[in-house]
Amino acid sequence: MGAGRPGFLWAAPAAVFFGLFAIVPLVMVAVLSFASWDGLSDPEFAGLDNWRKLLDDPVMIKSLWLSVLLTLLGVVVQTPLSILLGVWAAGHQRNRAVLSAIYFVPMLLSIAAVSVLWRAVLDPNFGVPAQAKWLFGDGNLFGMQSSAIGVLVFVSTWQFTPLHTLIYQGAARAVPQVLYQAAQIDGAGTVRQFFHITLPQLRNSIITSMILMVVGGLTTFDTVLILTQGGPGSDTTISAYYMYQKAFKSFDYGAASAIALLLVLVSTLISLIVVRLSGYDKMRSTMEGL
């Protein structure tokens, strides 16, 4: 066999796996979004009723905006923090390896474990806020929408920043050292090297990381379920959690399927917009700058 691209058989196992566990469930969800089903009886075709109900449901509209808000806050907070930590971790500082290993520990824990941990730490009766009311007021961080959203953003940042840091660490180590050597000869300092060499070279990684943040943010569920349960009221009821309520509390699997399909469409649309506006789809070299 001559040299060239691998044949289709090389990709067949992955394609079959993706088809069975991604495409088929997605098609089934799309079909159920046009049906009425309580999970026990036979599904009945309902046309666009589920979609009409969602569009007229104020909680659904609010949950969608909350999902987008949490996603944007996650991107804004995690991206610069991950870049700085990733570039630092790619260096040769003293004790860097030990500190990096400690910092990456949250990435090894499950979302449920992390949420339970911070729920205990931030408990308004027995946690840190209860012992430091001079800083946290009445100590109930879950009693107001702003503070509850702040907790969700903080916990997500604490757990997922190490993942994105790892992405930037690998990308920073791949930057050719000759670029820094040339910059030093020209008299460029550390800050100028970061903005004119390191940051442009991380463009591909930045876009990849942002897409992961968008998809992860819009599908966040475990953290809300354990930390706030959508409260206070419905102030932190994001779309994924509302989908759970529709399916497993109201037993309205048709509406839940419609929400799931809507999340897929919104995630795909935002990801495509990010790719399009960044020019990521036209890039042919990692040497291109911002």
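Ile167 and Leu84 fall into different hydrophobic clusters, where Ile, Leu, Val, Met, Phe, Trp and Tyr side chains are chained together by heavy-atom contacts under 4.5 Å. Leu262 and Leu55 are members of different hydrophobic clusters when ILVMFWY side chains are connected at heavy-atom separations under 4.5 Å. Linking Ile, Leu, Val, Met, Phe, Trp and Tyr whenever their side-chain heavy atoms come within less than 4.5 Å puts Leu152 and Val77 in one cluster. In the hydrophobic cluster analysis, where Ile, Leu, Val, Met, Phe, Trp and Tyr join through side-chain heavy atoms closer than 4.5 angstrom, Leu66 is grouped together with Leu73. Grouping the Ile, Leu, Val, Met, Phe, Trp and Tyr side chains by contacts below 4.5 angstrom, directly or via other members, places Leu261 apart from Tyr244.
Smallest separation of non-hydrogen atoms from Ser147 and Asn140: OG-O, 4.4 Å. Here the closest heavy-atom approach between residue Leu64 and residue Val266 is recorded as CD1-CG2, 4.4 Å. Leu32 and Asn50 get closest at one heavy-atom pair: O-ND2, 4.0 Å. The two residues Gln229 and Tyr241 make their nearest non-hydrogen contact at O-OH, 3.3 Å. Here the shortest heavy-atom pairing between Met107 and Leu163 reads SD-CA, 3.3 Å. Taking both residues in full, the closest heavy atoms of Gly233 and Thr237 are given as O-OG1, 4.2 Å, listed atom of the first, atom of the second, then distance.
One N or O on the side chain of Gln193 and one on the backbone of Ala188 form a donor-acceptor pair closer than 3.5 Å. In this structure, Ser67 contributes its side chain and Ser63 its backbone to a donor-acceptor pair below 3.5 Å. Although no hydrogens or angles enter the test, the distance criterion places a donor-acceptor pair under 3.5 Å between the side chain of Ser110 and the main chain of Ala113. Ser115 places no side-chain N or O within 3.5 Å of a backbone atom of Leu227 that could act as its donor or acceptor partner. Checked by atom type and distance alone, the side chain of Gln201 never pairs as donor or acceptor with a backbone atom of Val175 at under 3.5 Å. Here the side chain of Asp252 pairs no donor or acceptor atom with the backbone of Asp38 at under 3.5 angstrom. Side chain of Thr220 to main chain of Gly217: a donor-acceptor pair is present (N/O by atom type, distance under 3.5 Å, no hydrogens or angles). In this structure, the side chain of Glu44 does not engage the main chain of Ser36 through any donor-acceptor pair within 3.5 Å.
Annotation: ring pair (Phe, Tyr, Trp, His ring centres under 6.0 Å) contacts involving residues 166-187, sequence neighbours excluded, are absent.
Phe45 has its ring centre no less than 6.0 Å from the ring centre of Phe34. In this structure, the ring of Phe154 has its center less than 6.0 angstrom from the ring center of Trp118.
The side-chain heavy atoms of Ile270 and Leu218, taken from C-beta on, include a pair separated by under 4.5 Å. At least one side-chain heavy atom of Leu122 sits under 4.5 Å from a side-chain heavy atom of Phe142. The closest side-chain heavy-atom distance from Ile111 to Phe160 is below 4.5 Å. By the 4.5 Å heavy-atom criterion applied to side chains, Val215 and Ser271 are counted as neighbours. Looking at heavy atoms from C-beta onward, Tyr242 lies in side-chain contact with Asp57 at the 4.5 angstrom threshold.
Ring geometry for Tyr253 versus Trp37: interplanar angle of 30 to 60°, hence tilted.
Annotation: the span from Thr228 atom OG1 to Ile149 atom CD1 amounts to 9.5 Å, rounded to 0.5 Å. Atoms CD and CG, from Gln184 and Leu179 in turn, are 11.5 Å apart once rounded to the nearest 0.5 Å. With values rounded to the nearest 0.5 angstrom, Ser239 atom OG is found 4.0 Å from Met60 atom CE. Atom CG of residue Leu48 and atom CG of residue Leu54 lie 11.5 Å apart, to the nearest 0.5 angstrom.
Residue Phe195 forms a side-chain contact (heavy atoms from CB on, under 4.5 Å) with just one option from Val191, Ile197, Thr198, and that option is Val191.
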- Give the intermediate values and the outcome of side chain to side chain donor-acceptor pair (under 3.5 Å) for residues Ser33 and Ser257. CA-CA 5 Å; Ser33 68; Ser257 297; over 6 Å; no
